[in-house]
There are 2 protein chains.
Amino acid sequence: MKRKKPTIHEVAARAGVGLGTVSRVLNNHPAVRPETRVRVLRAIEELGYTPNPHARRIAGGRSYTVSVLLPFVATEFYRRLIEGVEGVLLEKRYDLALFPILSQARLKRYLESTTLAYLTDGLILASYDLTEHFEGGRLPTDRPVVLVDAKSPRYDSVYLDNHLGGRLAGEYLARFPGAIFAIKVEEEPDKAFRHTVFSERMAGFLEALAAQGRPFPKEHLFVTRLSPEGGRLALRYFLEKASPPLNVFAGADQVALGVLEEAERLGLTPGKEVRVLGFDGHPFAEEVGLSTIAQPVEAMGARAAQLLLERMEGYKGPPREVRFEPLLIERASTATPPSAPYVP
Amino acid sequence: MKRKKPTIHEVAARAGVGLGTVSRVLNNHPAVRPETRVRVLRAIEELGYTPNPHARRIAGGRSYTVSVLLPFVATEFYRRLIEGVEGVLLEKRYDLALFPILSQARLKRYLESTTLAYLTDGLILASYDLTEHFEGGRLPTDRPVVLVDAKSPRYDSVYLDNHLGGRLAGEYLARFPGAIFAIKVEEEPDKAFRHTVFSERMAGFLEALAAQGRPFPKEHLFVTRLSPEGGRLALRYFLEKASPPLNVFAGADQVALGVLEEAERLGLTPGKEVRVLGFDGHPFAEEVGLSTIAQPVEAMGARAAQLLLERMEGYKGPPREVRFEPLLIERASTATPPSAPYVP
DNA sequence: CTGAAAGCGCTTACAG
DNA sequence: CTGAAAGCGCTTACAG
């Protein structure tokens, strides 16, 4: 019942050309007469033909698929990142295969020659600190590699300046009266991925506070795992330390969401009694009126894909480093701040 | 610097046989003399040869890789499930490729003929309710398919009896004096995967309680997302409703962990003032002394892999349904219960 | 039991 | 610009 997939031969026959010509239009080879190209394209369309990636790979060409290796943590961040990567890849008719890395061992296996990931045309590696795990910070693959949400001296990399984001947050919250609190997301040290973004954000935040002469007692920091419930717990904890108005920097939107939820539950008005500033700029932040330090995750993913595309086309230059800057977005959860820093 | 991968030709030359013979030992064809087989195996070993899956697939054989499609939620459950699947697949020299399903659209793309997942020898689909999304509950692929953590009339499936697990939990907790509480994990309805396991657990739990004549007021239920912090919030909430001893059924180990954390923080002794029963039997539960309704996740994964292997070898029988039963494991978090149900 | 040949679906020089 | 041929790394009948 399932018709066999058409091959390049059928396309050639239907278009009345040799199969070399079909291959040429498939690979965008310039040496094809426009009319011929159209004929072939039509035949492809009519037959619903799609080239077999295995055959392409075997014949020495590309398989037109890219591997994206990412940590086994399913957050909005990675969803957006993938969306960005996918956008530019699909446009270039590349397929992408996601490889969640559950463990160090698994990453190594992915890179082995037996493996599907290995047979792909290029790799995008997210949030992974290479220098930690591979000698010379060099991956055991001969495919082009691009890092995203990470840096490396050996590969193209695309990342956000998280420290700057933290600073922006600090400078902003310092303009409000009331005690300042912060929630830091815990980084799990035993995981294959070393994620330091949360520490960087907090470091920038504290630095900015200090620069404004705004004190930040140790007890004003709450550490939790990445979850809204963590934000809820944090707010309860903060309310034991000081009375409203409170200014809370949550290291991630997801946690900030919990702060908002709990504020509402306690009858505290966001932007007034409890000011909350998130980090990430995820779509849901807009829905709930959350002020946030936004990172252009999709754009970062797209940029990474472009860099990889260039490498796959043969670009040989030295490693490139693309730094993205976060942006403060004001919404109801902080309302409008005074224009100058608050002086107690 | 990177030596080219050896091919079947080099193996044949080194072993002094034809390449057809090499292929035969690769595919475990019986018609090979033992001595020849050994010679070939040695050559393979010495050369570090690994067959190219693309070439195998193209030549009409198998690619020896299996796709595992799973929701984009990175929990311990899926980690264990993959471990189980991987164990039996690797033994049979199969590679597995994980495909996290971020959206409905993506699942459909995975199944398309352009896609890597499609070119694989078989599919394992986790936690996905087919009937919801595909007409006739039939996937658009001609590869063998096995479901795990889900049921279907059309495909082999492997699942846990979550309702029974809930019942076990109810019967067990009903043996203790003190108020009974429960935490239910929220199921996100908008996700591609419809997860009803938490509802099933809770249904079984309430049923058992009713059967024991043990009342369960509505306010004794706390709903949260899957996170330890959810458990911490829940315990605080419960303590407003009743004084110790409390008996808490947490719908998932991860949530139960938070209950334990918060109990400790509040100076309440687990197994005495606060009794906690989890669900899942994850490895960390043992470390923290958490009583739990354990599910043999690795075994479920392994079984699914076996069923798929049989299908890939050509088994044509009707869909098989494998039901696993959960097991109560007692640890310090509940201590030893009275042998008979508690009668107020 | 084993070798040589044909073929899988493609790409890429090679000649026109 | 285009066709026919060789070749990619394998598997699978086909003959011995």
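A note on names: the letters A, B, ... follow the listed sequences, proteins ahead of strands, and every chain is numbered from 1. None of the values given here were measured: they were computed from a predicted structure.
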(message) Does A:V22 reach a base, just sugar-phosphate, or nothing at all? Heavy atoms under 4.0 Å.
(response)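 Nothing, no heavy atom under 4.0 Å.
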(request) May I ask you to say what B:Y49 touches in the nucleic acid, namely base, sugar-phosphate or nothing, with a heavy-atom cut-off under 4.0 Å? (result)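 Sugar-phosphate contact only - B:Y49 comes under 4.0 Å of backbone atoms but never of a base.
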Between [X] and [N], is there a side-chain N or O to OP1/OP2 distance below 4.0 Å?
X     : N      : answer
A:T21 : D:dG3  : yes
B:N27 : D:dT11 : yes
B:T7  : D:dG9  : no

Table please: side-chain donor-acceptor pairs of residues 300-310 of chain A below 3.5 Å, with sequence neighbours left out.
unit_1: A:R303; atom_1: NH1; unit_2: A:Q306; atom_2: OE1; d: 3.2
unit_1: A:E310; atom_1: OE1; unit_2: A:R320; atom_2: NH1; d: 2.3

(request) Output yes when A:R109 and B:E86 qualify as a salt bridge under the 4.0 Å nitrogen-oxygen rule, no when they do not. (result)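 Yes, charged N to carboxylate O under 4.0 Å.
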Could you state the [atom1]-[atom2] distance from [X] to [N], rounded to the nearest angstrom?
X     : N      : atom1 : atom2 : result
A:L19 : C:dG9  : CG    : P     : 12 Å
B:H54 : C:dG7  : NE2   : P     : 24 Å
B:N52 : D:dG7  : CG    : C1'   : 14 Å
B:I8  : D:dG7  : CD1   : C1'   : 16 Å
A:R57 : C:dT11 : CZ    : P     : 12 Å
B:L26 : D:dC10 : CG    : P     : 8 Å
B:R56 : C:dG9  : CZ    : P     : 18 Å

With [X], which residues qualify under side-chain contact (heavy atoms from CB on, under 4.5 Å), at least two apart?
X      : value
A:Y155 : A:L130, A:R138, A:L139, A:V145, A:L147, A:S152
B:R79  : A:F72, A:L102, B:E76, B:E83, B:P283
B:A299 : B:P296, B:F324

(message) Quick check on DNA chain C: between B:V17 and B:I58, whose nearest nucleotide comes earlier from the 5' end?
(response)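 Looking at DNA chain C, the more 5' nearest nucleotide goes with B:V17.
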(request) Measure from the side-chain heavy atoms of A:A31 and tell me the nearest of C:dT11, C:dC10, D:dC1. (result)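 My answer, after comparing the listed nucleotides, is D:dC1.
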(request) With the side chain of B:A55 defined as its heavy atoms from C-beta on, choose the nearest nucleotide among C:dT11, D:dG9, D:dT11. (result)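 The closest nucleotide is D:dG9.
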(message) Please enumerate all residues that pass ring-ring contact (aromatic ring centres under 6.0 Å, His included) together with B:F77, with sequence neighbours excluded.
(response)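 None.
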(request) Just grab all the ring-ring contact (aromatic ring centres under 6.0 Å, His included) pairs involving residues 38-69 of chain A, residues at least two apart or on different chains. (result)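 Output for this query lists A:H54-B:H54, A:Y64-A:Y94.
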Give every pair of a protein N or O atom and an N or O atom of nucleotides 13-16 of chain D that lie under 3.5 Å apart, one pair per line with the distance.
unit_1: D:dA13; atom_1: N6; unit_2: B:R24; atom_2: NH2; d: 2.9

(message) According to side chain to side chain donor-acceptor pair (under 3.5 Å), who are the partners of A:S157, at least two apart in sequence or on a separate chain?
(response)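 By the side chain to side chain donor-acceptor pair (under 3.5 Å) rule, A:S157 matches no residue at all.
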(message) Taking the nucleotide of DNA chain D with the nearest heavy atom to each, does A:H29 or A:A59 sit closer to the 5' end?
(response)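 Whichever sits nearer the 5' end wins; that is A:H29.
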(message) Counting Watson-Crick and G-U wobble pairs with both distances under 3.5 Å, what is the dot-bracket string for DNA chain D, 5' to 3', using [ ] for crossing pairs and | for pairs to another strand?
(response) |||.||||||||.|||
(message) Please list, in numerical order, the residues of residues 32-47 of chain B that have a heavy atom closer than 4.0 Å to any atom of DNA chain C.
(response)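 Nucleic-acid contacts, sorted: B:V32, B:R33, B:T36.
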(request) Would you mind listing every salt bridge (Lys or Arg N to Asp or Glu O under 4.0 Å) that reaches into residues 19-35 of chain A, with sequence neighbours excluded? (result)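 As it turns out, the salt bridge (Lys or Arg N to Asp or Glu O under 4.0 Å) pairs with a partner in residues 19-35 of chain A, which skip direct neighbours, are A:R33-A:E35.
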(request) Go through the structure and list residues passing salt bridge (charged side-chain N to carboxylate O under 4.0 Å, His left out) with A:E91, not counting sequence neighbours. (result)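 So A:E91 forms no salt bridge (charged side-chain N to carboxylate O under 4.0 Å, His left out) with any residue.
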(request) May I ask you to test the B:V148-B:V68 pair for a side-chain heavy-atom distance under 4.5 Å? (result)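 Not in contact.
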(request) Please indicate whether A:E45 has more than 12 foreign heavy atoms, meaning atoms of other residues, nucleotides or ligands, lying under 6.0 Å from its CD. (result)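 Open.
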